[in-house]
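Every heavy atom of this structure was used, including side-chain atoms; hydrogens, water molecules and symmetry mates were not. Below, chains carry the letters A, B, ... as their sequence lines are ordered, and counting in each starts from 1.
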Amino acid sequence: MLKKEILRRNSDFSSIYKKGKSVGDRFVVLFFRKNKLPYNRIAFLASKKVGNSVTRNRARRLMKESYRQICDELAVGYDIIFIARKTIINTKYADVKKSIEAAARRAGILKRQPKAAACPKEIRQQT
RNA sequence: CGGGUAGCUCAGGCAAUUGCGUGCGCCUUCGGGGCGUAUGAGGAAAGUCCGGGCUCCACAGGGCGAGGAUGCCAGAUAACGUCUGGCGUAGGUAACUAUAGGGAAAGUGCAACAGAAACACACCGCCGAAACGGGUAAUGCCGUGGUAAGGGUGAAAUGGUGAGGUAAGAGCUCACUGGGAUAUAUGGUAACAUACAUCCUGUGUAAACCCCAUCCGGAGCAAGACCAAGAGAGGGCGAAUAAGGCGGCGGCCCGUCGCUGCCCGAGAGGUAGGUCGCUGGAGCAUGCUGGUGACAGUAUGUCGAGAUAGAUGAUUGCCAGAUACAGAACCCGGCUUACGAGCUGCCCGAGUU
RNA sequence: CUGGGUGUGGCGCAGUUUGGUAGCGCGUGUGGAUGGGGUCCACAAGGCCGCAGGUUCAAUUCCUGUCACUCAGA
């Protein structure tokens with residue numbers, strides 16, 4: 001993941017919360033919005049409700065790994081926020097991955113044909 | 001074997017595939033790219049309860065006051081409210097543990113309820129030709145009174161036992177003794193212990209105010225240093241409340257609400273943002289020496305995170321089996337709290353030989 | 001990183017200053033009043049004062065430690 005693909009500014013977050021759409025699943029909640037850029041911007045969140053710092057780090061790492069596996073199949077030009085729910089405590093990686101896939105499919109940002117890829121990795125190679 | 005008590009160690013390892021941060025080297029289309037290699041969370045990283053380094057501000061000689069903290073003695077330490085060793089006291093059969101442990105003979109305050117009285121007291125009781133007054137046929141019978149031995153209340157009632165003494169009693173006197181103060185001697189660096197002499201004999205509370213001694217300037221890495229868009233002083237051109245543009249409501253049009261032209265822009269300031277501070281240090285490991293110990297000295301070896309929306313993950317296999325509490329955020333020394341496994345010493349009880 | 005505040009019946013709060021009886025409102029239960037309900041009246045239950053130690057004769061109150069929640073500032 002490149003550094004420009006990480007959401008940082010508070011204004012970005014608030015505009016996504018305000019104007020974007022959301023999809024929930026068993027372990028994660030997804031906020032997303034079009035950003036008119038040739039790549040996606042991502043953020044992973046785990047609030048204090050999830051637990052202590054070890055639990056929150058674990059949740060974010062699981063979500064990151066899942067995103068890395070499926071990012072080739074995602075559509076391009078979105079800001080996406082992944083938020084961990086309380087139920088993510090003591091879950092396995094495979095379950096989190098499934099949950100994220102399901103949420104993305106329901107959000108409609110999962111591509112039908114994964115071969116027309118626009119993953120950031122390939123942008124990187126083109127530019 | 002059971003129970004207790006004191007301390008120590010580890011915090012899963014190895015391999016494969018695939019990912020992440022940083023350092024170094026090379027390549028580069030210069031992009032917060034690629035390749036290779038090394039390295040990458042803890043015993044508490046936690047709570048932020050103390051102490052220090054470091055940085056800025058104040059004072060540059062120090063003192064006083066306010067406020068706060070600490071409070072047996074000696075030592076360790078950069079320093080501490082920490083640690084070590086001792087003393088006293090308390091608890092425990094013991095190993096051992098706990099200890100804010102200076103001053104109540106400087107002053108003020110408080111001690112509910114109960115009780116007569118909780119700085120000074122007479123309810124019941126005892127006494128009474130001990131003293132004064134009154135009274136009866138007679139009697140402590142009545143008043144003033146003496147008395148703290150006994151009863152009862154209370155957490156606490158004027159130190160305890162015995163004898164003398166007395167009207168009855170009382171450290172009123174004596175013997176022994178509890179406690180305290182002072183002086184001397186011995187041991188100890190000291191706290192203190194022991195012995196002896198003299199004197200005294202209501203209490204608790206200072207984690208109530210207070211007194212005494214010692215210590216403390218304030219803020220904190222978002223400290224602080226450096227670079228520095230945009231906006232802004234101003235200048236030039238244009239326009240005249242219209243049109244147009246942008247945004248909100250709305251599926252769209254209509255409608256409605258809000259905002260308003262373009263260009264140049266020194267110095268200073270420092271916003272967004274970035275760079276440094278940022279990890280080699282009261283460092284770590286091993287050995288030797290000194291010390292009861294905390295610790296100190298010395299020799300050799302060694303470099304072990306530095307992120308900035310925040311880096312350690314995922315999958316599989318093997319090791320008999322398996323991981324609790326928990327994630328560095330300027331850095332150290334402690335304290336406290338959470339928690340898995342293993343080992344050792346010592347004490348008590350029971351049993352066997 | 002720094003500095004405050006709060007914790008008391010089921011809920012919201014007093015009491016803590018100056019230690020000694022734990023209280024108020026709503027709610028709950030029972031009874032009364034009404035033909036019934038509401039309002040009203042009477043009575044009752046319900047608290048180891050967040051937790052653990054200490055000081056004291058005695059602690060919700062004083063002291064120390066600790067846990068949780070919450071606010072403010074940089």
Partner lookup for A58(C), please. Criteria are Watson-Crick or G-U wobble with both distances under 3.5 angstrom; report none if nothing qualifies.
none
Write down the distance separating the C1' atoms in A46(B) and U28(B), rounded off to the nearest Å.
46 Å
Roughly how far apart, to the nearest Å, are A207(B) and U56(C) at atom C1'?
10 Å
What is the pairing partner of U189(B), taking Watson-Crick or G-U wobble pairs with both distances under 3.5 Å in any strand?
none
Hey, which of these two, Thr55(A) or Leu62(A), hits RNA chain B nearer its 5' end, going by closest nucleotide?
Leu62(A)
Given the 90°-from-0 boundary between syn and anti, A41(B) should be labelled syn
Separation of Glu101(A) CD from Leu74(A) CG (nearest 0.5 Å):
9.5 Å
Any strand counts, and the cut-off is 3.5 Å on both contacts for Watson-Crick or G-U wobble. Which nucleotide pairs with A66(B)?
none
Report, one line per pair, each donor and acceptor closer than 3.5 Å where one atom sits in a side chain of residues 75-97 of chain A; sequence neighbours left out.
| unit_1 | atom_1 | unit_2 | atom_2 | d |
| --- | --- | --- | --- | --- |
| Asp79(A) | OD1 | Asn35(A) | ND2 | 2.8 |
| Asp79(A) | OD1 | Arg41(A) | NE | 3.0 |
| Asp79(A) | OD2 | Arg41(A) | NH2 | 3.0 |
| Arg85(A) | NH1 | Asp25(A) | O | 2.8 |
| Thr87(A) | OG1 | Arg26(A) | O | 2.7 |
| Thr91(A) | OG1 | Ile88(A) | O | 2.5 |

For Val23(A) versus Ala103(A), what's the shortest heavy-atom pair and its separation?
CG1-O, 3.6 Å
Between U292(B) and C1(B), how far apart are the two P atoms, rounded to whole Å?
39 Å
In whole Å, I'd like the distance from the OH atom of Tyr67(A) to the P atom of A309(B).
17 Å
U286(B) versus G33(B) - spacing of their C1' atoms, nearest Å
46 Å
Quiz question: going by heavy-atom distance under 3.5 Å, is there a donor-acceptor pair between the base of G313(B) and the side chain of Glu65(A)?
yes
Rounded distance in Å between the C1' positions of G274(B) and A328(B):
24 Å
In short, Phe32(A) meets Ala107(A) closest at the heavy-atom pair CE2-CB, 3.4 Å
Please give the nucleotide sitting opposite A350(B) as a Watson-Crick or G-U wobble pair, both distances under 3.5 Å, or none.
none
In terms of base orientation, is G171(B) syn or anti, with the syn window spanning 90° either side of 0?
syn
So how far is it from Ile100(A) CD1 to Glu65(A) CD, rounded to the nearest 0.5 Å?
10.5 Å
From the set G313(B), U315(B), G327(B), return the single nucleotide nearest to any side-chain atom of Arg68(A).
G313(B)
Using a 90° cut-off around 0 for syn, call G280(B) syn or anti.
anti
Reading RNA chain B from 5' onward, which residue's closest nucleotide shows up sooner: Lys92(A) or Ser53(A)?
Lys92(A)
Mind checking the C1' distance from C216(B) to U8(C)? Whole angstroms is fine.
39 Å
Integer-rounded Å distance: A311(B) P and Phe44(A) CZ:
12 Å
Paired nucleotide for A208(B) [Watson-Crick or G-U wobble; both distances under 3.5 Å]
U108(B)
Separation of the P atoms in C24(B) and G280(B), to the nearest angstrom:
14 Å
Rounded to whole Å, CD1 of Ile42(A) lies from P of G19(B) at a distance of 18 Å
Nearest 0.5 Å, please: how far is CD1 in Ile42(A) from CZ in Arg68(A)?
14.0 Å
With both distances under 3.5 angstrom, what nucleotide forms a Watson-Crick or G-U wobble pair with C318(B)?
G13(B)
If you check the Val54(A) side chain, which of A326(B), G313(B), G310(B) turns out closest?
A326(B)
Determine whether any donor atom in the side chain of Arg61(A) lies under 3.5 Å from an acceptor atom in the base of G327(B), or the reverse, and answer yes or no.
yes
Is G43(B) syn or is it anti, if syn means the base angle is within 90 degrees of 0?
syn
Among G327(B), U18(B), G310(B), the one nearest any side-chain atom of Asn52(A) is G327(B)
Rounded to the nearest angstrom, tell me the gap between atom OH in Tyr93(A) and atom P in U316(B).
11 Å
In whole angstrom, what separates Lys64(A)'s NZ from A309(B)'s P?
11 Å
Using purine N1 to pyrimidine N3 plus N6-O4 or O6-N4 for Watson-Crick, or N1-O2 and O6-N3 for G-U wobble, both under 3.5 Å, which nucleotide pairs with U323(B)?
none
Round to a whole Å and report the spacing from CZ of Arg56(A) to C1' of G313(B).
18 Å
Pairwise C1' distance for A206(B) and G71(B), with rounding to whole Å:
13 Å
Nearest 0.5 Å, what's the CG-CZ distance between Leu45(A) and Arg60(A)?
8.5 Å
For A183(B), the Watson-Crick or wobble counterpart (both distances under 3.5 Å)
none
Report which part of the nucleic acid Asn57(A) touches: base, sugar-phosphate, or nothing (heavy-atom distance under 4.0 Å, all strands).
base
